[in-house]
Amino acid sequence: MKFPAFALAATLSTLVTSAAPVDFEREVRPILAGKCYDCHGSEKKSKADLRLDAAHLALEGGESGPALVRGDSAASLLYQRVISNDPDE
């Protein structure tokens with residue numbers, strides 16, 4: 001999981017800090033689809049009320065708050081989970 005997690009962390013960091021637009025559909029969604037959609041990919045299966053299948057839903061977040069915070073990657077819960085060494089996250 002290290003390579004996809006690294007790729008996702010780099011992309012998410014760019015998404016929340018960069019002035020240059022990130023194409024969610026092209027750059028983020030494919031990574032999330034492979035790793036996160038089993039639990040956070042549709043209305044029917046949305047663990048902790050978090051959906052990651054659309055950019056606005058990731059920014060909206062779930063029970064723990066916004067998954068992404070624009071301009072502050074350190075505050076992004078999704079970014080924190082991706083870079084964590086905790087196997088439960």
Handout entry: ILVMFWY network linking Y37 to V82, side-chain heavy atoms under 4.5 angstrom
Key = yes

Exercise for the section: Look at the side chain of E60 and the backbone N and O of P66, then say whether any donor-acceptor pair between them is shorter than 3.5 Å. Expected result: no

Handout entry: Gap between atom OG of S64 and atom CD of Q80 - 0.5 Å precision
Key = 10.5 Å

Completion exercise
Closest non-hydrogen atoms of A55 and F24, given as atom of the first, atom of the second and distance, are N-CE2, 3.5 Å

Handout entry: Hphob cluster co-occupancy, L77 + I31, side-chain heavy atoms under 4.5 angstrom
Key = no

Practice task
Apply side chain to side chain contact (heavy atoms under 4.5 Å, CB included) to K47 and H40, showing your working.
Solution key: CA-CA 6 Å; K47 185 176 178 181; H40 304 290; 3.6 Å; yes

Practice task
Determine whether L59 and L52 fall in the same hydrophobic cluster, where Ile, Leu, Val, Met, Phe, Trp and Tyr are linked whenever their side-chain heavy atoms lie under 4.5 Å apart.
Solution key: yes

Practice task
Enter the distance from L57:CG to D49:CG here, rounded to the nearest 0.5 Å.
Solution key: 11.5 Å

Handout entry: Flag side-chain contact, heavy atom, 4.5 Å: L32 against L78
Key = yes

Problem - Closest heavy-atom pair and its distance - A67, S76 - result: O-OG, 2.8 Å

